[in-house]
Structure formats: structure tokens, C-alpha cells
Visitor: 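Just dropping this structure here.
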Amino acid sequence: MKILYSDLDIRFTVERTEFRALNIIYERLSRRIPAHSHGPGCYEIHYISAGYGRAVVDGQPYRLGPGTVYVTGPGAEHTQLPDQNDPMWEYCVYLRAPEKPGRGEAQASVAPAFLATHFW
């Protein structure tokens, strides 16, 4: 099962930095997600609601299970490998953010830290 909400363009602002949620996907990952990365200003928030698996981010493996949240950002190469006996159910929110903070955003604390980190 896969539920896709696309072309949403939900906008929200954190400390004068505007983020746009473009897609939200909820699916049971019974297949391997091939290694890929995203371009400047592109982020994915991953939330595992049930099941198990692994993510490999920049060559480092991480165990995933219910309640796991992680964020991949620009240039973070990542793949997901579901447990074949108990595959993951994942919510994935695809975000766009400014590639460079605009005027006044450099004084903020949370948004620049988020934008400067490619994996959480």
C-alpha cells in the first residue's frame, strides 16, 4: 500500500526561513530503496511508524524501527533496506528550503543549523 500526496506546496516559516512541503508519502517498504541523494535545498524527513529495516547514509548503516525519525538533506547519499520478515512502514515528507539564507536569516539559530546539516 502506498499513499502519495503530491504537489502540496505547504509553506511554513521557521525563524524567517520559509520551508515548503511538496510531497508526503506513506508506504510499506517491502522493496529496497536504491541509493540516491538530493540537490541543494532538498530534504526528506523520514518517520518509521512500524516494522524494521536499515538505512545506509553516506556509507554508515543505521538500524530503523518504530518511532525512528531521521532527516536526509542535500548530498546525503542514502538507501533503505527493509527487514523482509517485518518491513518498515514509513512516512516521508519532502521539503524544499532556500539554498542560501536570505537577509536576516543568518541571525536565527534553528533554521541555519538545520540548513547546514545534511543528515540528522
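Reckoned from all heavy atoms, side chains included, excluding hydrogens, waters and symmetry mates. Source: prediction; values computed, not measured.
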Visitor: Yes or no on side-chain contact (heavy atoms from CB on, under 4.5 Å) for Trp89 and Tyr26, after CA distance, side-chain angles and deciding distance?
Guide: CA-CA 7 Å; Trp89 286 85; Tyr26 178 63; 3.4 Å; yes

Visitor: At their closest point, which heavy atom of Gly51 faces which heavy atom of Pro66, and how far apart are they?
Guide: O-CD, 3.2 Å

Visitor: Could you grab the distance from atom OH of Tyr91 to atom CD1 of Ile25, nearest 0.5 Å is fine?
Guide: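 Output value for this atom pair is 13.0 Å.
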
Visitor: Within this structure, what is the CD-OG1 distance for the pair Glu18 and Thr13, rounded to the nearest 0.5 Å?
Guide: 5.0 Å

Visitor: Would you name the heavy atoms of Gly41 and Pro74 that are closest together and state the gap between them?
Guide: N-CG, 3.6 Å

Visitor: State the CZ-OG1 distance between Arg32 and Thr79, to the nearest 0.5 angstrom.
Guide: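 Output value for this atom pair is 4.0 Å.
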
Visitor: Under a 3.5 Å threshold, yes or no: a donor from one side chain and an acceptor from the other, between His38 and Glu44?
Guide: yes

Visitor: Below 30° counts as parallel, above 60° as perpendicular, anything between as tilted: where do the rings of His46 and His78 land?
Guide: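 Taking His78 first and then His46, their aromatic rings stand perpendicular (interplane angle over 60°).
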
Visitor: Hydrophobic clustering (ILVMFWY, side-chain heavy atoms < 4.5 Å, transitive) - are Val56 and Leu29 grouped together?
Guide: no

Visitor: Please say yes or no: joined through hydrophobic side-chain contacts below 4.5 Å, possibly via intermediate residues, are Val93 and Phe12 part of one cluster?
Guide: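 Shared cluster, yes.
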
Visitor: May I have the step-by-step check of side-chain contact (heavy atoms from CB on, under 4.5 Å) for Leu64 and Tyr52, ending in yes or no?
Guide: CA-CA 5 Å; Leu64 304 175; Tyr52 296 90; over 6 Å; no

Visitor: Does Tyr5 OH have over 12 foreign heavy atoms under 6.0 Å away?
Guide: no

Visitor: Could you see if Tyr47 belongs to whatever hydrophobic cluster contains Met1? Use Ile, Leu, Val, Met, Phe, Trp, Tyr and a side-chain cutoff under 4.5 Å.
Guide: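 They do share one cluster, since a chain of ILVMFWY contacts under 4.5 Å joins Tyr47 to Met1.
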
Visitor: With rounding to the nearest 0.5 Å, note down the distance linking CZ in Arg28 to OG in Ser30.
Guide: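 The CZ atom of Arg28 sits 5.5 Å away from the OG atom of Ser30.
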
Visitor: Go through the steps for Leu8 and Leu22 under the test side-chain contact (heavy atoms from CB on, under 4.5 Å), then give the verdict.
Guide: CA-CA 5 Å; Leu8 297 176; Leu22 301 176; 5.9 Å; no

Visitor: Between Leu95 and Ile24, is there shared hydrophobic-cluster membership here, with clusters defined by ILVMFWY side-chain heavy atoms closer than 4.5 Å?
Guide: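 Linked, Leu95 and Ile24 end up in one cluster.
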
Visitor: Is the closest side-chain heavy-atom distance between Tyr62 and Val57 below 4.5 Å?
Guide: yes

Visitor: So, do Cys42 and Arg96 sit near enough that their side-chain heavy atoms are less than 4.5 Å apart?
Guide: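 Counting from C-beta outward, Cys42 and Arg96 do come under 4.5 Å.
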
Visitor: Is it true that a side-chain atom of Thr68 and a backbone atom of Ile48 form a donor plus acceptor pair closer than 3.5 Å?
Guide: no

Visitor: Any non-hydrogen side-chain atom of Cys92 less than 4.5 Å from a side-chain atom of Ile45?
Guide: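 The answer is no; the side chains never approach within 4.5 Å.
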
Visitor: Excluding sequence neighbours, so at least two apart, what forms salt bridge (charged side-chain N to carboxylate O under 4.0 Å, His left out) with Glu27?
Guide: Arg31

Visitor: Applying the 4.5 Å side-chain criterion to the ILVMFWY set and letting contacts propagate, would Tyr94 and Val69 be lumped into a single cluster?
Guide: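 Not linked; separate clusters.
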
Visitor: May I have the step-by-step check of side-chain contact (heavy atoms from CB on, under 4.5 Å) for Glu90 and Ser49, ending in yes or no?
Guide: CA-CA 6 Å; Glu90 178 192 54; Ser49 63; over 6 Å; no

Visitor: Going by salt bridge (Lys or Arg N to Asp or Glu O under 4.0 Å), name the pairs with one or both residues in residues 47-63, residues two or more places apart or in two chains.
Guide: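 Sorted result for residues 47-63: empty, none.
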
